[in-house]
Amino acid sequence: MLAMKILISLQLLGLTLLCVGIFHCQAWPRYTFVVDETPYGRLCSTKNILTVNGQFPGPTLYAHTGDTIIVDVYNKGNRNITIHWHGAKQPRNPWSDGPDYITQCPIQPGGRFTQTIIFSSEEGTLWWHAHSEWDRATVHGAMVIFPKKGATYPFPKPHAEFPIILGEWWKEDIGQLYNETIQSGGDPNISSAFLINGQPGDLYPCSKPDTFKLMVDYGKTYLLRLINSAAQEILFFSIANHKVTVVGSDASYTKPFSSDYVTISPGQTIDLLFTADQSPNHYYIAAKAYVGGAGILYDNTTTTAILQYNGNYTSTSTPSLPNLPSHNDTKASVHFTGSLRSLADKNHPVDVPRNITTPLFYTLSVNTRPCLNNSCAGPNGTRLAASVNNISFVDPSIDILQAYYYHVNGAFGTRFPNFPPFLFNFTAQDLPLYLQTPKQGTKVKILEYNATVEIVFQGTNLVAGDDHPMHLHGFSFYVVGWGLGNFDEDKDPLKYNLVDPPLQNTIAVPVNGWTAIRFKADNPGVWFMHCHLDRHMSWGMDVTFIVKNGKGLGAQILAPPPGRPPC
């Protein structure tokens, strides 16, 4: 037998086979995603939306921890598209991560791109979505990562499990909404409805017949895989008369805790157990916006689904609604998020970096930029912007990964600052106007391979303080601390949780507050970090990290795949 490893890749019956040697073959599931326009009716009117395989929400992908899957993406739509596999760390494989002009140029209409999704330690719920303009409003779906074959959940096996995807709906075309917002320089129009599994629910016009129903048996326990795909809002979620037990977030297990409600940021996933232990009846499942910033316009409607018990009984005429926190209840929001803890048992240990080699302090701000003749729709005729450390990110003309890998000069700068250029009372009520104007640039932060990184995110009250759900591609990170007000570098680190902090890929920095995260830069490549409120991302609240190659082939970026979309 030859000692040399022979790699054979072929498509057969929807599987890609990776063969090592002669007798050891592993089947990789292969999926086809066709992005195309599909007519969908909501709120008494019909419009064309971009979908995958005609489905809204899109198809659910299934895998086990450590699996690899292949997705062939065909763009038959009318505009550019990319697909991001949110929370999949993609070890050494930034080529398939998906953010446009960061790791690839968009797939143009009529084009295709084959993406390889490599799961490593993720276990639980993730999701995939478009990562170009604001098309993730309709182009998204769940990813379920089961334990390795032969392993079990660290909680009793539920009777059944269901993805629950929270979303937003606009009556207008989402591409038109994006273009109007960018051109006007103002805030986007608020959404027309929130959604549960693609449906607005009973409280909206022309919606009741299609309200999503979750059918349950009395006495059984169920697992809900909750995903917030909303483009612009953090959401409160609850089930009338039923408590939920949180057991995971962002494909990492948590210490179980019981709650009457959930706070979930755009991009975040939360795994919930609940037992159908109430009198058989119909109960509303509901979600509505949480908005911590003052003076921010938001959709104040409530989406509902129905929890319906099986069996013979007489249901009440109107299901009962859960008691959701008020729209601006910051205390409720941070109380839930602050309750998350890693499971941290012998089968799911934590590895929190202790000796930090790369401390970073990043301010997160909403800004304004001057507009010709004060003709924009921002405050006083300005154009709204956003920044990290006073730099508002500008997309390059070719993707950063390509420029980095092939040593293309001039595509980006490498001096993204570790600290903000100005120190001031970040959360003060009245701040000088000159602080509102950021610099613009395409600058990246270079990280050494295996660097231990701490980022303290500090929200500011420039223009309007707001919550900022920050998402880091290519990594999960430990949330070691948070607080309201300004970060105190002497006192606050003494209160860090270094024992069982939650392991997440998306974390909401509270309005006019701070959050500290830690991770090890052990994944070489180009990785995006941004606010997952789409308006803030488009305004420039973004950073790109380049993690340098380490020594040895196992610590270096994989070779680029064939057929990458042209720029």
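His327 has its ring centre no less than 6.0 Å from the ring centre of Tyr290. For Phe336 and Phe257, the ring centers are positioned less than 6.0 Å apart. Aromatic ring centres of Phe475 and Phe477 lie farther apart than the 6.0 Å criterion allows. Side-chain rings of His468 and Phe457 stay apart, their centers remaining 6.0 Å or farther from each other. Aromatic rings of His84 and His140 (six-membered ring for Trp) have centroids beyond the 6.0 Å cut-off, not under it. Checked against the 6.0 Å centroid criterion, the rings of His131 and His530 qualify as a close aromatic pair.
How far CD1 of Ile507 is from CD1 of Ile455: 13.0 Å, rounded to the nearest 0.5 Å. Taken to the nearest 0.5 Å, the CD1 atom of Ile69 stands 11.5 Å off from the CH2 atom of Trp28. Rounded to the nearest 0.5 angstrom, Leu297 CG and Asp299 CG are separated by 11.0 Å.
For Lys220 and Asp217, the salt-bridge test fails: no basic side-chain N is under 4.0 Å from an acidic carboxylate O. Under a 4.0 Å N-O distance rule, the pair Arg518/Asp351 does not qualify as a salt bridge.
Annotation for Asp490: atom CG counts as buried by contact number, over 12 foreign heavy atoms lying within 6.0 Å. Heavy-atom neighbours of His335 NE2 from other residues, nucleotides or ligands within 6.0 Å: at or below the threshold of 12.
Side chains of Asp271 and Thr125: a donor on one and an acceptor on the other come within 3.5 Å. Tyr284 and Ser320 are not linked by any side-chain donor-acceptor pair at a separation below 3.5 angstrom, with hydrogens and angles left out of the test. Between the side chains of Thr103 and Asp97, no donor-acceptor pair is found at a separation under 3.5 Å.
Proximity of Phe545 to His473: side-chain heavy atoms (C-beta onward) are nowhere separated by under 4.5 Å. With contacts defined as side-chain heavy-atom distances shorter than 4.5 Å, the pair Ile296/Val291 qualifies. Taking the side chain as every heavy atom from C-beta outward, Pro59 and Trp128 approach each other to under 4.5 Å. Annotation: side chain of Phe146 is in contact with side chain of Tyr62 (closest heavy-atom distance under 4.5 Å). Between Trp95 and Gln115, the closest side-chain pair of non-hydrogen atoms is not below 4.5 Å. Two residues are said to be in side-chain contact when any heavy atoms from C-beta on lie closer than 4.5 Å; Phe274 and Ile239 meet this criterion.
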**Trace of the side-chain contact (heavy atoms from CB on, under 4.5 Å) decision for Leu447 with Val453** = CA-CA 9 Å; Leu447 297 176; Val453 182; 4.2 Å; yes
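In this structure, Asn281 contributes its side chain and Ser315 its backbone to no donor-acceptor pair below 3.5 Å. Ser96 contributes a side-chain N or O that, together with a main-chain N or O of Thr116, makes up a donor-acceptor pair within less than 3.5 Å. Judged purely by atom type and a 3.5 angstrom limit, Arg136 uses its side chain to pair as donor or acceptor with the backbone of Ala230. Within the 3.5 Å criterion, the main-chain N or O of Lys89 finds a donor-acceptor partner in the side chain of Glu122. The closest donor-acceptor contact from the side chain of Asn418 to the backbone of Leu360 lies at 3.5 Å or more, if one exists at all.
Across His64 and Pro147, no two heavy atoms sit closer than the pair ND1-O, 2.7 Å.
Ring geometry for Trp514 against Phe487 counts as perpendicular: the plane angle is over 60°, on a 0 to 90° scale with 30° as the lower cut.
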